[in-house]
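Everything below concerns the one structure shown next.
Just so it is clear: chains get the letters A, B, ... in the order the sequence lines come, proteins before strands, and each one is counted from 1. No hydrogens, no waters, no symmetry mates; every other heavy atom, side chains included, goes into these values. Worth saying up front: this structure is predicted, and the values here are computed from it rather than measured.
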Amino acid sequence: MTVRVRFAPSPTGYLHIGGARTALFNWLFARQHGGTFILRIEDTDKERSTPENVQVILDALRWLGLDWDEGPEVGGPHGPYFQSERTDIYAPHAQKLLAEGKAYRCFATPEELETMREEQKARGEQPHYDGRGLKHTPEEVEKMLAEGKPYVVRFRVPEGSTVIDDQIKGRVEVQNSEVDDFILLRSDGSPTYNFVVCIDDTDMGITHVIRGDDHFTNAMKQALMIEALGFERPVYAHIPLIFGPDKKKLSKRHGAVSVLEYRDKGYLPEAFINFLALLGWSFDDKQTLFDVPELTAKFTLEKVSKSPSIFDLDKLDWFGGEYVRQKPAPELTELAIPVLVEAGLLKAEEAQGRRAWLEKLVAAMQPRFRRLPELPEMVTYFFQGTAELDYEEKAVQKLEEEGAADRLTVYRESLESSSFESTETLEAEARALCEAKDIKFGKLVHPVRAALSGRTQGPGLFDIVYLLGKDECLARIDRALKLIEQGSGFPIQAG
RNA sequence: GGCCCCGUCGUCUAGUCAGGUCCAGGACACCGGCCUUUCACGCCGGUAACACGGGUUCAAAUCCCGUCGGGGUCACCA
């Protein structure tokens with residue numbers, strides 16, 4: 001049997017973290033089994049579904065690299081893949097159920113049902129649909145139909161009990177009496193979720209339904225519906241939900257839940273995927289870093305946890321840094337350039353000419369950031385002219401220290417005659433200088449760093465020296481020397 | 001509230017089905033140290049959990065019962 005799975009979001013909002021993980025698990029399952037990953041848009045709710053939301057979901061999936069084999073924009077033999085375009089498909093099935101007595105019409109208005117529920121509650125009963133639509137005689141039905149009275153079509157839930165053999169939750173049996181005769185056709189004739197899902201899944205040949213645990217009670221309804229329709233049941237796998245720190249289902253209240261927000265925050269998609277994969281799934285007690293091919297090879301539903309997990313931003317940050325460090329510098333540079341341009345540090349047209357230099361810069365910064373947008377702020381001084389450079393308070397202190405000016409002067413001389421061959425030779429020269437002049441290495445390094453960068457922290461000093469180049473280094477040292485001489489004239493960095 | 005699911009360090013989890021090798025392992029975070037020109041990275045070490053109560057057993061995180069706690073779901077939403 002060829003595996004066919006689907007991710008079926010409802011375009012009533014952005015793709016959130018839980019949805020993304022569901023998509024990922026489906027995708028991994030499909031890829032691992034050489035199966036098909038289908039994207040189906042469940043837009044039967046005309047009120048809340050929008051094309052913009054569809055686009056946003058598609059964008060998010062693409063950012064994560066979760067490509068679909070059938071679905072919007074790629075097509076496929078089982079389309080259309082928008083439920084709103086499949087309405088003609090559903091009606092005959094409803095007619096059939098009606099004719100077979102497996103469904104019936106109910107003429108009760110929403111208001112009527114509301115009071116029914118109120119009364120039930122008042123009597124201390126559980127609110128439930130009481131099957132009143134079933135009590136009409138055929139004549140009454142004919143009459144109301146002739147009058148054009150609006151009605152819904154409800155599914156007639158049979159007696160007995162239903163067993164779901166869930167791949168994650170195990171065997172669960174529920175009495176059918178627990179599920180109400182649910183609506184399959186609204187009074188405007190449009191079909192509802194629990195009805196269309198069964199038909200679409202069957203038409204699309206879905207073999208495994210992998211989705212969030214909040215759908216578990218729907219699995220009961222769908223299993224019943226599939227039975228009535230004479231279809232074959234897919235295998236169900238309900239994955240535990242993701243909670244916010246308050247242990248409640250993740251929602252807007254928890255801050256950034258949209259996948260695209262994480263893209264915009266500059267996390268690498270591979271980091272996000274790894275993070276997502278480990279939310280509710282694990283391989284063994286050792287491995288936490290998985291690239292996509294590895295995930296594809298190692299993912300199993302069996303190892304999906306049964307208990308819900310809480311979204312932990314700290315861990316995401318760690319993954320972020322991990323993948324930034326892992327990424328080859330040329331590739332990272334490619335990603336960094338637009339970010340630097342965006343920050344106004346670099347002109348887009350300069351990027352190509354300075355490519356080699358940028359790569360060195362990125363390589364020097366690589367262990368120091370976890371998200372791309374963190375980079376510009378850390379490297380502004382590389383892009384400023386000598387006169388624009390400003391200084392941190394602490395850097396000024398380093399420059400005003402006793403003897404700092406003398407050491408800067410000494411280093412300046414040595415730099416003038418340096419070949420600037422590499423970071424390593426630069427460092428060797430500086431160490432030799434200290435040796436010769438009997439200067440403690442740190443005593444030289446700190447003021448020089450302050451003079452060149454205006455900061456007290458950053459990449460290795462000789463990376464800075466090398467990256468800045470001889471002329472710029474000399475100019476910056478000269479300026480610092482002049483400012484020290486003048487006294488308190490340092491332009492102080494804001495913040 | 002009914003029904004269903006879940007309950008191992010603060011968090012993600014391994015171990016639970018096949019009880020002993022688990023006075024519970026890894027990772028993030030946190031704390032300490034090392035490395036070092038700073039920061040970061042890296043390395044070393046530390047704090048920290050089997051929800052509770054009974055039972056079965058020579059032996060229970062693992063099996064059984066109960067309690068408590070948490071969550072999901074009960075729409076003419078999906």
Residue A:Asn194, side-chain atoms from C-beta onward, closest of B:A78, B:C39, B:C5: B:A78
Nearest-nucleotide pick for A:Trp318, side chain only, options being B:C6, B:A27, B:U37: B:A27
Sugar-phosphate only, base, or nothing, as touched by [X] at under 4.0 Å among non-hydrogen atoms:
X	value
A:Thr44	sugar-phosphate
A:Ala108	base
A:Asn218	base
A:Phe243	sugar-phosphate
A:His128	nothing
A:Pro459	base
A:Leu241	sugar-phosphate

Find the distance [X]:[atom1] to [N]:[atom2] and express it as a whole number of Å.
X	N	atom1	atom2	result
A:Tyr193	B:C74	OH	P	11 Å
A:Gln175	B:G2	CD	P	16 Å
A:Ile183	B:A78	CD1	P	10 Å
A:Asn53	B:C77	CG	C1'	14 Å
A:Leu316	B:A29	CG	C1'	14 Å
A:Phe195	B:C77	CZ	C1'	17 Å
A:Gln83	B:C77	CD	C1'	12 Å
A:Asp317	B:C30	CG	P	11 Å

Phosphate OP1/OP2 of B:A78: any A:Thr12 side-chain N/O under 4.0 Å: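 For A:Thr12, the contact criterion (side-chain N or O under 4.0 Å from OP1 or OP2 of B:A78) is not met.
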Counting only distance, no hydrogens or angles, is the base of [N] paired donor-acceptor with the side chain of [X] under 3.5 Å?
X	N	result
A:Ser187	B:C76	yes
A:Gln126	B:G1	yes
A:Arg48	B:C77	yes

G-U wobble or Watson-Crick pairing nucleotide for [N] (cut-off 3.5 Å, both distances):
N	value
B:G32	B:C44
B:C63	B:G55
B:C3	B:G72
B:G19	none
B:C39	none

Could you list by number each residue of [range] showing a heavy-atom separation from RNA chain B of less than 4.0 Å, or answer none if no residue does?
range	answer
residues 430-442 of chain A	A:Arg431, A:Phe441
residues 147-164 of chain A	A:Val152, A:Arg154
residues 363-382 of chain A	A:Pro367, A:Arg368

In whole Å, measure the gap between the [atom1] atoms of [N] and [M] for me.
N	M	atom1	answer
B:G26	B:G15	P	15 Å
B:G53	B:C9	P	16 Å
B:A51	B:C44	P	31 Å
B:U47	B:G70	C1'	27 Å
B:U21	B:C4	P	36 Å
B:C76	B:C68	P	33 Å
B:G19	B:G55	C1'	15 Å
B:U16	B:C22	P	13 Å

Donor-acceptor contact below 3.5 Å, side chain A:Asn26 vs main chain A:Thr22: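 Yes, because the side chain of A:Asn26 sits within donor-acceptor range (under 3.5 Å) of the backbone of A:Thr22.
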Check: A:Gln366 side chain, A:Val324 main-chain N or O, donor-acceptor pair, under 3.5 Å: yes
Given RNA chain B, 5'-ward residue of the pair A:Pro191 and A:Leu461, judged by closest heavy atom: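 In this pair, the answer is A:Leu461.
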Along RNA chain B (nearest heavy atom to each residue), the more 5'-positioned of A:Glu427 and A:Glu322: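 In this pair, the answer is A:Glu427.
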Results of ring-ring contact (aromatic ring centres under 6.0 Å, His included) for A:Phe155 - residues two or more places apart only: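 So A:Phe155 forms a ring-ring contact (aromatic ring centres under 6.0 Å, His included) with A:Phe182.
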Carboxylate-amine/guanidinium proximity below 4.0 Å for A:Lys46 and A:Asp188: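 So A:Lys46 pairs with A:Asp188 through a salt bridge.
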Salt bridge present between A:Arg171 and A:Asp166 (N-O < 4.0 angstrom):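 Result for this pair is no, no salt bridge flagged.
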Gap between atom NE2 of A:His238 and atom NZ of A:Lys306 - 0.5 Å precision: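 A:Lys306 atom NZ to A:His238 atom NE2 measures 14.0 Å (nearest 0.5 Å).
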Sub-6.0 Å ring centroid separation between [X] and [Y]:
X	Y	value
A:Phe299	A:Phe25	yes
A:Phe275	A:Phe290	no
A:Tyr151	A:His136	no

Six-ring centre of [Y], [X] cation under 6.0 angstrom, axis tolerance 45°:
X	Y	result
A:Arg371	A:Tyr267	yes
A:Lys360	A:Tyr466	no
A:Arg40	A:Phe82	no
A:Arg455	A:Tyr381	no

Pair listing, side-chain hydrogen bond (donor to acceptor under 3.5 Å, both in side chains) test, anchored in residues 276-292 of chain A, at least two apart: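 Qualifying pairs, neighbours excluded: A:Gln287-A:Glu294, A:Gln287-A:Lys298.
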Greater than 12 external heavy atoms within 6.0 Å of A:Arg156's CZ: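 It does not: A:Arg156 CZ has 12 such atoms or fewer within range.
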Chi angles and distances behind the salt bridge (Lys or Arg N to Asp or Glu O under 4.0 Å) call for A:Glu427, A:Arg431: CA-CA 6 Å; A:Glu427 173 164 358; A:Arg431 285 194 188 276; 2.8 Å; yes
Contact summary for A:Asp213 and A:Pro240, nearest pair of heavy atoms: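 So the two residues come closest at CB-CA, 4.0 Å.
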Per-nucleotide protein contact string for nucleotides 10-18 of chain B (B base, S sugar-phosphate only, - none; heavy atom under 4.0 Å): -SBSSS---
Stepwise side chain to side chain contact (heavy atoms under 4.5 Å, CB included) test for A:Phe195 and A:Leu97: CA-CA 11 Å; A:Phe195 177 52; A:Leu97 290 174; 4.1 Å; yes
